[in-house]
There are 2 protein chains.
Amino acid sequence: MLHRRASITDLAKALGLSASTISRALADHHDVSEATKVRVRQLAKELNYHPNPLAAGLRRGRSNTLGVLVPHITGYFFPQVIHGIATEASAAGFNVMICQSNEDVQQEKQAIELMMGAQVAGILVSLANTTQDFSHFEDVRQQNVPLVFFDRTVEGFKGQNVSTVTLNDYLGAYQVIEHLLAQGCRRIAHLTGPFNLSILKNRHQGYLDALAAHGLAPDPRLTIFCEQTQAGGATAMRQLLRRPAAQRPDGLFSSNDLVAVGALQIAKKQGLRVPQDLAVAGFSNEVFTALTEPSLTSVDQRCEQMGQTAVQLLQKMLPTSKSKNPPRPIVLKPKLIVRESSLHDGQGGKE
Amino acid sequence: MLHRRASITDLAKALGLSASTISRALADHHDVSEATKVRVRQLAKELNYHPNPLAAGLRRGRSNTLGVLVPHITGYFFPQVIHGIATEASAAGFNVMICQSNEDVQQEKQAIELMMGAQVAGILVSLANTTQDFSHFEDVRQQNVPLVFFDRTVEGFKGQNVSTVTLNDYLGAYQVIEHLLAQGCRRIAHLTGPFNLSILKNRHQGYLDALAAHGLAPDPRLTIFCEQTQAGGATAMRQLLRRPAAQRPDGLFSSNDLVAVGALQIAKKQGLRVPQDLAVAGFSNEVFTALTEPSLTSVDQRCEQMGQTAVQLLQKMLPTSKSKNPPRPIVLKPKLIVRESSLHDGQGGKE
DNA sequence: ATGAAAGCGCTAACAT
DNA sequence: ATGTTAGCGCTTTCAT
């Protein structure tokens, strides 16, 4: 038994063939005789031969691994997107390598280097929320490695082999507001966070436009910027409830589910009935939205579909693909999930 | 500007030196003159040189990447462990490559091959719950690639370079039961799942032994095997409540938080007061345990610490390490987190 | 202090 | 249908 793994030359020697024939046989190349192929495959199995992807990658200048870079893998969204990516990639014969930036540009940079070094066939990225400078993607673009930004993208970083998949956040917010208005709400507050990422800006705009479209002038005092945590939501809610009765909201739209829960808990603690006195909706359809009391209306971000779509876009940009132009950006449609927290009559839970 | 990345020979030519000198200079080898090192580093920067890890790995037969293989990255546990791994690995100069088995042995096998092919310096695995056959780890062992099993491990797969980190699940369960008994519970039910993974078996044993230690004979009818989902918990609870009053539990310990929530919701719906009529506790300290009403008592699994410990064990098994014997298995101590669902007096929330 | 040469395992252009 | 040759980028002995 060998200590090292069997290599292609081991097979070649054992069968009295050349390395190239072995290589071709294993690749099922058309001009290798069937008999030889059988012998090669047979021996490969016996010797427990596994091809060395490093050597192949080095030689070919490209591997069959896709790199995925996300800010983190906590919560519902990113793991689900990754699941979609993994499924689609696997079906297309790709391996997947996952890295986290921990919302840190420096780590984002390192991860990109790691992936480029591994000669990945393409890269799928969702940006860290602090990323302002994109020089670390220059290399990727220059070497024509296909790049897909998903969910958290950049304006102004275009290229032949660069594309994007996003959710229509604007529409998601718009739908929430229309739903709350239909439930009879007239003073709808909005909890949001910093606007560096366009996501939150777009949701805010959807909120404003939906109100305007229904003839309601948005009250700027009802948009509250808060920390994107449960505590942040609690603080914001307390602040809202300290105001004179006429200035308090009868509906609440939070751009973040955890923030919504924080607000929900304070509202209940202060004696408000949800949804009767205050209808509440969040964004992301986190797992726990189904577990709170009342359960929380939210917006599903089509996570799996986003992952799958991202891989499909990537494939269109591979050198093997015949499409010439960079694929157009894809924008997915969000799905409003109505639950108890916003449904004035009925039991909620329906979709 | 080059299309391809600058290589070591590009630097060599440009400086009139040999490739070996460049290699040594970049590795800060002691017998390269300081002057040369400076020139090399300078030019490397100018040409935006990045070493090619594939070539280095191929040559050295080992990379500085660690492979992490988990069943999935949903929920709280695995992402947190991975975070611990990533932090510790990064501090030690390792890159991390994450793969999922999706609880499927076949995918587990593929991922191991991918990692071995990438010449990882070591592998950290938590097994798929269906894994019975371990032949895919034979290769890893034979080539002496350090292997650490965490959380979900195997009995009977030992080796010079194989080690384990687990949680003391038995103790976690034991502590839960002692806590419930202290709250006055006398008939404590246990919701659990299939025993293929030793985790659930150990928690069940902790449950039994804790009762016995306090002079209570465990009633086998109070151990319910159910699907490990919210729905499974709901079904189990309904089943328990259909029994005559004297046979119903006054305490409930679920080996899974989601199952606990399902049970909790049914109990409330049927008019039981939690914790007064039924004290409830789960296991894993999932994020949502703090968000339910009442909030759910659970057991923290020391996720981050588990990840860090796993990397430390791995380092001890690297060829560079001086330790000779395989490190002893590490067993971490769980931490009971008491919340409202089990606290008969007081408000809970303390740890 | 530096260079020459060999080779890790694989593939692909160019023979035959 | 198979072999020969060269080389991907790097490290490492062995020279000088």
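Residue numbering restarts at 1 for every chain, and letters A, B, ... go by the order of the sequence lines.
- The nucleotide range of DNA chain D contacted by chain B, defined by atoms under 4.0 angstrom from heavy atoms of the protein and reported 5' to 3', is D:dG9 to D:dT13.
- If you look at A:F137 and A:F149, their ring centroids are closer than 6.0 Å.
- Terminal axes of the helix from C:dA1-D:dT16 to C:dT16-D:dA1 (five pairs each, C1' rotation axis) are separated by 40°, to the nearest 10°.
- The main-chain N or O of A:E103 is found under 3.5 Å from a side-chain atom of A:T130 such that the two form a donor-acceptor pair.
- Taken to the nearest 0.5 Å, the CG atom of B:N102 stands 4.5 Å off from the CD atom of B:Q107.
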Between A:L11 and A:L47, does a side chain to side chain contact (heavy atoms under 4.5 Å, CB included) hold up when you go through it step by step? CA-CA 8 Å; A:L11 299 190; A:L47 296 190; 3.7 Å; yes
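- For DNA chain C, the outermost nucleotides in 5' to 3' order that have an atom under 4.0 Å from a heavy atom of chain A are C:dG9 to C:dA13.
- To the nearest 0.5 Å, atoms CG (B:L313) and CG (B:N161) are separated by 11.5 Å.
- Comparing B:A55 and A:L17, the nucleotide of DNA chain D nearest to each residue sits closer to the 5' end for A:L17.
- In the region residues 20-40 of chain B, proximity to DNA chain D at under 4.0 angstrom, judged on heavy atoms, holds for B:S20, B:S23, B:R24.
- Mapping B:R60 and B:G16 onto DNA chain C by nearest heavy atom places B:G16 closer to the 5' end of the strand.
- The residue A:L54 sits apart from the nucleic acid: no heavy atom pair falls under 4.0 Å.
- Not a single side chain to side chain donor-acceptor pair (under 3.5 Å) links A:E113 to another residue, sequence neighbours left out.
- Looking at B:L114 and A:T65, their side chains come closer than 4.5 Å, going by heavy atoms from C-beta outward.
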Could you walk me through whether B:S20 and B:S23 pass side chain to side chain donor-acceptor pair (under 3.5 Å), step by step? CA-CA 5 Å; B:S20 14; B:S23 173; over 6 Å; no
Yes or no on side chain to side chain donor-acceptor pair (under 3.5 Å) for A:N52 and A:H50, after CA distance, side-chain angles and deciding distance? CA-CA 6 Å; A:N52 182 331; A:H50 292 285; over 6 Å; no
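- For A:V165 against A:A310, the heavy-atom pair with the smallest separation is CG2-CA, 3.7 Å.
- Judged by distance alone, the side chain of B:E88 and the main-chain N or O of B:T309 form no donor-acceptor pair under 3.5 Å.
- Between A:H72 and A:F78 the shortest heavy-atom distance is O-CB, 3.4 Å.
- Using a 4.0 Å heavy-atom distance criterion, A:G117 is classed as making no nucleic acid contact.
- For residues 24-34 of chain A, the side-chain hydrogen bond (donor to acceptor under 3.5 Å, both in side chains) pairs, not counting sequence neighbours, are A:D28-A:K37, A:H29-A:D31, A:S33-A:T36, A:E34-A:R41.
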